[in-house]
Amino acid sequence: MNRTVLLIFLWIPFLVFSQSPTKFTGFHPGADWLADDGKVIDCHGGNIIYVDSLKTYYWYGEHRGEPRGASCYSSKDLYNWKNEGVVIEKDTIETFERPKVIYDSKNDRYVMWFHYDGNRYQIAELGVAVSKSPTGPFELKDHFRPNGHESRDIGMYIDPKTKKAYIGYAADHTNRTIRMVALADDYLSLTENDVDINAHCEGPGILKYRDTYFLLTSGCSGWKPNPATYYTATNIMGPYSSHGSPFINDLENNSFNSQPCYIFKVPGFKDAYIYMADRWNGGGHPDSQYVFLPIFITESGKMELRWYDEWNLSIFNRN
Ligand code: DGJ
């Protein structure tokens with residue numbers, strides 16, 4: 001065997017085993033979802049951003065295995081994810097939940113907001129951390145109660161045109177309602193524009209369709225699923241009206257056994273919204289599954305979600 005043939009021969013196993021173990025071509029709601037490292041994705045209660053300059057999606061969420069904190073996964077297609085590791089460890093923070101990351105284009109940095117708390121959810125604050133790179137490390141900058149209100153689960157919305165950002169947070173007396181607060185332009189602090197949306201209770205996700213804002217929230221039942229409710233408004237700060245559950249044929253009336261964490265608008269498609277949710281299975285486990293489903297708004301302005309065992313982005317129309 002000559003030298004070149006021998007070298008090719010030695011490279012074959014490396015090329016085979018360095019490929020990701022699974023090549024997904026779609027979403028499989030409720031199934032175990034493996035990353036490039038062959039392990040189940042551990043990235044709960046979080047959000048996805050698309051970084052145009054890197055042509056890459058980044059998914060952030062709670063890393064519920066060790067070390068606890070926030071994890072990051074990257075992808076080119078939303079189906080196959082590379083584990084980028086833990087981008088901030090919770091360190092001495094007792095409860096670190098529901099991280100959401102936004103890109104601050106003015107300062108070219110990534111800002112993470114999250115639920116900062118004690119072990120009995122009694123501190124009820126927002127935490128904010130920052131990083132120069134999408135894959136971290138994020139550095140904790142501050143933590144506080146927004147305008148003096150208790151804050152637990154959070155959702156985020158960024159207006160694509162004005163770049164104004166908002167946090168919807170489960171507030172007051174163990175999550176009696178959702179409040180909406182506008183961020184300051186630096187994304188690191190809040191304004192006093194902070195209103196009671198009068199919505200139940202946790203897991204807020206927000207989308208804008210034409211001139212209407214849709215807010216989707218779960219009820220408040222710990223790690224057990226419950227029926228979600230959606231609300232609409234023509235101003236993100238409200239007033240909102242309630243429309244009940246958007247889930248169609250949800251036989252157990254529990255949001256297909258899931259709790260929302262974010263609504264991701266997929267770039268490059270028309271009105272393409274992905275419901276991101278956790279299937280906690282009674283506790284916040286590292287291997288709790290995800291339920292990603294397409295969200296549709298009907299001609300008459302109703303939000304609808306249907307179950308699919310498997311689906312992909314071809315369900316949406318391209319721009
Ligand atoms: C429901 C919340 O949505 C979760 O993020 C978590 O805080 C659990 N409650 C804890 O019971």
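First listed ligand is number 1; within each ligand, the first listed atom is number 1.
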Looking at Asp159 and Lys164, does any basic side-chain N land under 4.0 Å from a carboxylate oxygen? no
Evaluation steps, side chain to side chain donor-acceptor pair (under 3.5 Å), between Gln289 and Asp32: CA-CA 6 Å; Gln289 292 90 5; Asp32 286 341; 3.1 Å; yes
Between Trp59 and Tyr290, does the ring centre distance come in under 6.0 Å? yes
Quiz question: by atom type and distance under 3.5 Å, do the side chains of Tyr169 and Asp194 form a donor-acceptor pair? yes
Do Arg64 and Asp42 meet the salt-bridge criterion of a basic N to acidic O distance under 4.0 Å? no
Lining ligand 1 at under 4.0 Å, by non-hydrogen atom distance, are residues Glu97, Arg98, Tyr121, Asp153, Glu202, Gly222, Trp223, Gln259
Quick one: do Glu304 and Lys302 make a salt bridge, cutoff under 4.0 Å? no
